[in-house]
Structure formats: structure tokens, C-alpha cells
Amino acid sequence: MMQTSLKDFPDFFQPMLVKELRQGLRTRGFVLMFLAFHLIMAVVLWIAISSYNVSSAGNMTNDAIFSILLFALVVVQPLRAQNAISIEVKANTLELITMTSMNARRIVVGKWLSLVVQSLLLIVSILPYVVISYLLGGVNLLNELVKFALLFLASSALIAGVIGLSSSMMRILPIIILFFFFGAQGLIAMIFSGRSVMPEFDLQDPQFWLFVLLFLISISYLAWSAMTLGIHQIAPAAENHISQHRIIALALTFFVSVSALTWLTLDLEAILAGFLMVLIPVMVLALNERDGPIDSVKRRFTRLGIVGKIVSLLILPGWPTAVFLSGVIAAIAGWTVLRLSASNNIHEEFVVFVSAVVGAIWLSSMFVTLFTRDRKKRFGFALAVMILLATLAFLSAFLYDSNETRLVSWFFAWNPLSYFGYYMNSASDKSQILMLSVGVTISIYLIFAVIALIKRSNSQPATLPSEPL
Amino acid sequence: MTAIKIENLKRHFGPIRAIDGLSCEIAQGSVCGFIGANGAGKTTTMRILATLDEPDSGRVEICGYDVMQNPNEVRRKVGWMPDQFGHYEHTTVLEYLDFYSRALGYKGKDRRQRIDEVMQFTDLVPLKDRFMNALSKGMNQRLGLGRALLGDPQVLIMDEPAAGLDPKARVEFKHLVRVLAQEGKTIFISSHILSELGEMCDVLLFIDQGKLVHHGNTDSLRRHTDQDAGVTYQVQLDGTDDALSQWCILQPDVRFMEARKSGGRILIQNDEPAKIAELLSRMIHSGLKVTEFQREERNLEDAFIDMIGMLDQKNASIPKAGSNKNS
């Protein structure tokens with residue numbers, strides 16, 4: 001009997017990883033990036049050695065390595081991930097994969113792993129240049145390796161986020177990636193360069209490692225949330241990927257709360273940002289959830305008796321429990337902030353900021369529930385509305401500042417984000433009325449959103465033919 | 001034993017009822033043809049059977065497992081072959097099958113053996129190193145069938161598998177289906193080429209506007225539609241071309257349908273053997289030199305068209321809600 005001889009990858013490699021690596025390593029994108037990278041490095045090395053003194057040559061080579069790697073890992077690799085799921089849906093291949101024993105999580109994780117392995121290949125291939133720059137002198141090798149490791153982790157998280165989001169919003173993803181790139185470039189330059197705001201980091205400093213820990217927790221949670229969104233989009237109703245996310249979100253909420261109240265000496269702003277980081281993915285996932293779980297999912301909770309029923313209020317898939325969980329997280333955040341504000345002066349602008357963000361999310365949710373019935377397009381639609389709201393808020397803040405007239409503020413009063421702009425731009429207008437109007441507007445939007453959701457859940461059908469699964 | 005059980009299945013797309021209360025049972029080991037006009041709900045039904053779509057209501061069981069509650073169990077029993085499936089770039093035939101066999105949980109030697117079996121069965125061995133985008137339609141369908149068979153499914157669901165194939169590829173495909181049926185697999189197949197379904201299938205399901213309108217074998221489908229229409233016979237004469245049509249005018253139970261060279265086709269209302277013998281005798285006694293008298297078998301295409309026509313008539317005769325009864 002004929003024996004096929006395909007032994008390029010061992011059995012323990014995930015099937016999706018094998019498939020994506022076979023394809024990915026042959027793509028023009030990867031091959032060109034790889035060749036271009038090494039060509040540029042060779043040229044930089046030649047220029048550095050021939051034009052500078054030895055220690056400057058080391059620094060120059062090192063800067064070039066980091067800049068090119070930053071571009072490759074934060075722009076090129078995420079851009080390659082932007083169609084990861086949508087291309088399979090379009091080509092009608094995803095449903096063939098779901099017919100195997102691979103669940104949605106293994107499909108998405110396999111795609112992510114493939115790009116991460118390719119990034120790792122790229123990093124490993126530049127190590128000879130790093131060693132050369134070290135030998136040229138003026139370079140702290142350990143610091144450089146830590147830098148690369150952090151960049152690799154950040155890039156992996158970004159790729160995970162892009163893959164997760166690729167199922168629902170392919171058109172605006174490149175813009176977001178580039179936006180993130182410029183943001184990340186500024187942030188990384190600030191943190192690592194040692195030539196601008198932040199000093200060169202010290203590996204002996206516990207604060208640095210605390211920063212690294214919080215950074216890793218944050219990016220891991222955000223990336224995993226985005227992946228959960230992608231997984232949830234392609235998973236059949238019988239697969240429950242939501243409960244796990246909600247448990248982690250709750251655990252993180254408690255972690256932030258307890259840390260803030262006991263040992264973590266961070267600003268109130270950072271703590272609020274931490275709560276928002278936990279809350280926003282929960283709300284985004286809620287937008288994409290079905291009205292309720294099917295029986296087989298429900299049974300896993302109900303067979304645990306009264307405990308299962310109580311737990312299911314928070315983690316059973318479906319938008320009603322997602323809304324309830326968001327409320328619980330917001331309540332814990334509010335309670336923590338109030339406890340902290342007894343010893344710190346709580347800043348009004350942060351209350352406005354949080355209200356404006358939550359209000360904008362609820363307003364976009366209202367639009368979503370009113371105008372989109374396709375569950376898999378809701379997040380993209382909501383994000384588009386948010387971007388529109390932010391643009392209008394910038395416009396209103398600009399008009400308000402240039403005309404100094406209150407009429408503009410009333411004209412844009414329906415947009416919660418515009419309050420944030422007025423508040424930050426005009427110190428004299430920090431009035432209770434502004435805060436009150438933010439609250440009232442947000443409440444009205446929330447009521448509309450809930451009414452629309454209830455109406456939708458009572459209407460048939462809940463799905464459209466365009467849904468791939 | 002029942003392989004596929006569908007109970008009051010409903011699936012709506014907005015106001016459109018794609019499937020409207022479909023119920024049927026398919027026995028294990030049978031080859032079932034699924035017929036219907038475009039938009040009748042065939043693909044939607046098949047996608048629900050394959051766990052790729054979710055019904056609004058009703059129940060579907062494959063080999064005893066509910067498609068909604070136990071989709072993973074169902075997927076182990078089912079092989080799905082859609083009418084079209086996308087290519088993977090930079091992927092050879094062997095790599096494609098290797099990926100799916102890994103995804104199905106095959107390891108090491110078992111995996112290689114299973115791929116070998118499937119490639120030999122579908123005659124893909126000479127194509128194993130060819131990239132997917134360089135395959136012809138027929139090769140592609142064989143690859144699709146090979147992929148669907150990798151998991152050794154008990155139930156094979158195929159949506160328009162012969163569409164776009166040339167005659168040679170169609171014959172090869174029919175042969176493969178026959179072999180699979182002999183192996184005892186339940187095959188649920190939709191096709192527009194009804195004559196082929198007639199040759200392959202033990203059972204035919206006819207669906208119209210999401211409802212099952214016929215469940216039986218090919219003969220019963222033919223009977224179902226031609227009971228009032230009569231039976232067609234082909235008659236050849238040794239003589240003038242219009243003698244047959246002239247004779248038919250004088251016969252109350254015979255209608256001349258179509259002139260052919262040296263004869264034509266006639267429609268006889270009563271198909272009892274005694275009546276046919278008596279009619280032939282009358283023909284000969286009236287001076288017609290009959291050289292050939294042969295009953296025409298109604299093909300499935302005719303039966304399908306008749307069935308559609310009957311259903312259209314039936315739908316037209318039902319007064320619409322809110323219409324004026326006096327008009």
C-alpha cells in the first residue's frame with residue numbers, strides 16, 4: 001500500500017497551527033518581510049561600522065534593529081492577521097473546519113499561534129545582529145533582550161486582538177492597527193528609549209517589574225477578550241465560551257478592587273482605567289451575545305441546584321446576564337472608588353470621563369439594538385457609531401472653544417462624549433448641571449437600549465441568513 | 001434503524017419561510033435524493049443536518065443525536081460536502097487532507113493510512129502534490145468527497161455534488177456514490193440532475209416552499225404525478241406520416257401528442273393491459289402498418305415538472321387571506 005510521506009510537523013502540533021504555518025511561511029508577505037528585514041539590517045550594519053566610531057555603531061545598529069522589529073511586529077504581523085477569520089468565512093472553509101472535532105477556540109488559537117511562531121522566527125533570526133551590536137559596545141544586552149521580550153509579548157497580544165476582531169470588523173481594522181502603531185511607538189519610545197520622558201529602565205527596580213506585571217495582565221486580558229469575541233462569533237450555540245470570560249472578568253475586578261484598597265499605590269485615575277479595562281470587554285461581548293443559551297448549556301448550570309442558579313445570573317451566556325454582570329462590576333468599581341475617595345480627593349473630571357465613556361457605549365448599543373439584527377455585525381456597527389460620536393465630540397469641543405457660546409453645547413448635548421470635551425476645555429464650567437445632564441442623558445439611552453433589546457428578544461427570528469454559523 | 005430523523009423543522013429568514021414544518025425519517029444505509037426547485041429549502045435543511053445552521057424550531061436527530069444539543073457527536077457521524085468550498089492558498093492536495101485528518105484526531109501511522117485509503121478511493125494519488133488552486137472542477141469534487149470521507153462518517157450529506165461536472169466526471173462520481181452505498185453508509189444527496197438521482201437513490205424526498213410534498217422511491221414519484229395524465233406510447237408505422245394522427249382523431253381514449261418520422265407519440269388514458277391489447281388490435285384492423293409500439297417510461301424530470309405544476313395549480317386555487325370572495 002502507498003504510504004504518504006508528510007512528516008514536516010509532529011503530531012502534537014495543533015492542526016490549525018500546522019495548516020497556518022504551511023500556508024504562512026509560503027506567503028509573499030512573510031517571505032518579503034523576512035528578506036527585506038535582513039537586507040536592511042545588513043545595510044545598516046555596513047553604514048554603522050564604516051561611518052561611526054565603534055560604540056556609536058553598536059547603538060545605531062541596536063536602534064535600527066528595534067525600529068524595524070517594532071514595525072514588523074506591531075504593524076506587519078497584525079495586518080497579516082486582519083482577515084484571519086473573515087477570509088475563512090468568505091471562502092466557505094470555516095464551516096468545514098467546524099465539522100471536525102476542533103472547536104471554535106482551537107481554530108482561533110491555532111491561527112494566533114501560527115503568527116506568533118512566525119514573529120518568533122523573525123526575532124530569533126535577528127539575534128546575530130543583536131550580538132554584533134553588543135560586541136561593538138555601548139549596548140546593555142540584558143536590557144535589549146528584555147525589551148525584545150516585552151515587544152514580542154505586546155505584539156502577540158495585538159495579533160490576538162486583531163484575529164479576534166477580524167470576524168466582525170474587517171474594514172476598519174487596518175486603521176486601528178496603524179492608530180495603535182503610532183500610539184505604541186510613542187509609548188514604547190517613552191518607556192524604553194531613555195532619551196525622552198522616561199529614564200532607561202532598571203531591571204533591579206521593583207517598580208519596573210510591577211509595571212511589567214500590570215502591563216502583561218492588561219494586554220493578556222484585552223487580547224483574550226478580543227479572541228473570545230472571535231471565538232464566540234464562529235462557535236455554535238452549544239459551545240459556551242462566554243462563562244469563562246465572565247469568571248476571569250469578575251476575578252480581575254476583585255483583584256483591582258482588593259489591590260487598590262490594600263497594597264497597590266496607584267493613582268485613582270489608573271485604578272479607574274483598570275476597572276474600565278475589565279468592564280468594556282464585558283459590555284462589548286454582551287453586544288454580540290444571543291438572547292439566551294440553548295438547553296444543553298443551561299442544563300450545566302441548573303443541575304448544580306440553587307448554587308448553579310445563582311451563579312448563572314452572572315455567567316450564563318446571554319445578554320440579560322451580561323447586562324447584570326456589567327452592573328455588578330460597575331458597582332464594585334464605584335464602591336472601591338468611593339472608599340478610596342475618602343482618603344483621596346476624587347476628581348470631577350474622572351467621573352465625567354467614566355460617565356461619558358459608559359454613556360457613549362450605551363448610546364451606540366441603542367443604535368445597534370435598533371438598527372442591526374445580525375448578531376455578528378453588531379460590534380463593528382457599535383464601534384463605527386463610537387468613532388462617529390468621538391469625531392462629533394472633537395468638533396463640538398473645537399466649536400465651543402472658538403465661539404465660546406453655550407448654544408453649541410446644547411446642539412451637541414445628545415452626545416455623551418461631547419461633555420467630556422466641554423469639561424476638559426473650559427475650567428470655569430465645571431458645574432453640577434453638566435454632571436446631572438450627563439447622568440440623565442445616559443439613563444435615557446440605557447432605558448431605550450433595554451426596551452429595544454426586550455423587543456428584539458420577543459420578536460422572531462433572532463438570526464439572519466447572512467450568518468455563517 | 002433510523003439514521004436521520006426530522007420532526008416539524010422550521011427555519012425562517014425574516015418573512016421568508018425557508019423550511020416550514022418539515023418531517024421525515026431516513027433509514028440507515030439508504031441513499032436518499034433530496035429534490036426541490038431553487039429556493040425550496042434544500043440547502044438550508046442540509047446545513048441544519050450538518051450542524052451548520054440552527055433551526056427556529058423543530059428537532060433533528062442524526063444517528064440518535066440531536067443536532068442542537070449534541071453538535072459534536074453529530075459531527076463525528078456526519079460527512080458534509082457542500083456544493084462549493086473554498087481553496088486554501090499555497091496548499092497541496094495531500095496537505096489539505098493531512099490538515100483535516102489531524103483536525104479529526106488521527107495521529108501518526110493511522111493518519112497516513114487513512115489519507116492513503118481516501119486518496120486511493122477517490123483516485124487522488126496522482127494529484128497529491130498539486131496545489132489546490134490548480135485543480136479542475138471534477139478533481140475538486142473528488143477532493144471534497146475525500147475530505148468528507150476522512151472521518152469515516154455514517155451519514156454523508158452532499159449538496160449538489162454533481163453540479164458543473166463533465167459527463168466523465170459525473171459517471172465517476174456516480175460510481176463512487178454506489179460503492180459508498182454498498183458499504184452501508186447513509187447518503188443524503190441533493191441534485192438538479194434528477195435522472196442520476198433516480199439511478200442512485202432508494203428514497204426521494206421532494207420539497208417545495210419548505211414543505212415535504214413527496215416521500216418515496218422513483219416509481220412512486222412518477223405515479224404520484226402521472227395518475228391523471230395517462231401513459232405515453234411511441235408508435236412507428238410503415239406508411240404515410242399523418243396516418244397515425246388521422247386515426248387518433250377518431251379514437252375517444254387516445255390523444256396524438258407529437259409527430260415523429262414514420263409515426264409519433266400518443267397518449268393513452270387507460271393503461272390496463274387488456275385495453276392496450278384491444279387498442280393495438282383496433283389500430284391494426286384499421287389498416288395501420290404498425291412496426292413498433294413501445295411504452296415510454298416517464299423520466300424524473302417530467303415527473304418533477306408535473307409535480308411543480310400541480311403544486312402551482314393547488315396554490316393558485318387556495319384563496320388568499322383577505323381577498324374579496326365575490327370578485
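Reminder, nothing fancy here: chain letters follow the sequence lines and each chain counts from 1.
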Quiz item: If you count heavy-atom pairs under 4.5 Å with chain A, which of Q84(B), H87(B), E89(B), M81(B) comes out on top?
Solution: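 Option with the greatest count: E89(B).
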Quiz prompt | Most chain A-contacting option - heavy-atom pairs closer than 4.5 Å, from A50(B), G105(B), A18(B) | solution =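 So the answer, after comparing A50(B), G105(B), A18(B), is A50(B).
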Practice problem: Counting only heavy atoms closer than 4.5 Å, note whether V74(B) contacts chain A via side chain, backbone, both or neither. | Solution: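 Nothing of V74(B), per the 4.5 Å heavy-atom cut-off to chain A.
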In Å, rounded to the nearest 0.5 Å, how long is the span from [atom1] of [X] to [atom2] of [Y]?
X	Y	atom1	atom2	result
L150(B)	T100(A)	CG	OG1	10.5 Å
Y88(B)	K19(A)	OH	NZ	4.0 Å
F85(B)	L94(A)	CZ	CG	15.0 Å

Quiz item: With a 4.5 Å heavy-atom cut-off, do V18(A) and R102(B) have their side chains touching?
Solution: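 They are in contact (side-chain heavy atoms under 4.5 Å apart), so the answer is yes.
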Practice problem: Would you mind reporting whether L104(B) and P15(A) have side-chain heavy atoms less than 4.5 Å apart? | Solution: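 The answer is no, as the side chains (C-beta and beyond) never meet within the 4.5 Å cut-off.
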Just checking [X]: does its [atom1] atom have more than 12 heavy atoms from other residues, nucleotides or ligands closer to it than 6.0 angstrom?
X	atom1	result
K137(B)	NZ	yes
K77(B)	NZ	yes
R17(B)	CZ	no

Do any N or O atoms from the side chain of [X] and from the backbone of [Y] form a donor-acceptor pair under 3.5 angstrom?
X	Y	answer
R26(A)	H90(B)	yes
D11(A)	K107(B)	no
E95(B)	R22(A)	no

Chain B heavy atoms under 4.5 Å from [X]: which part of the residue, side chain, backbone, both or neither?
X	answer
I97(A)	both
E88(A)	side chain
F9(A)	both

Quiz item: Listed by chain and number, what are the salt bridge (charged side-chain N to carboxylate O under 4.0 Å, His left out) partners of R105(A), not counting sequence neighbours?
Solution: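 Once residues adjacent in sequence are excluded, R105(A) has no partner under the salt bridge (charged side-chain N to carboxylate O under 4.0 Å, His left out) criterion.
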Quiz item: Counting heavy-atom pairs under 4.5 Å to chain B, which of M16(A), M99(A), Q14(A) comes out on top?
Solution: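 The answer is M99(A).
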Quiz item: Nearest heavy-atom pair of L96(A) and W80(B): which atoms, and what distance?
Solution: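 So the minimum-distance heavy-atom pair works out to CD2-CD1, 3.6 Å.
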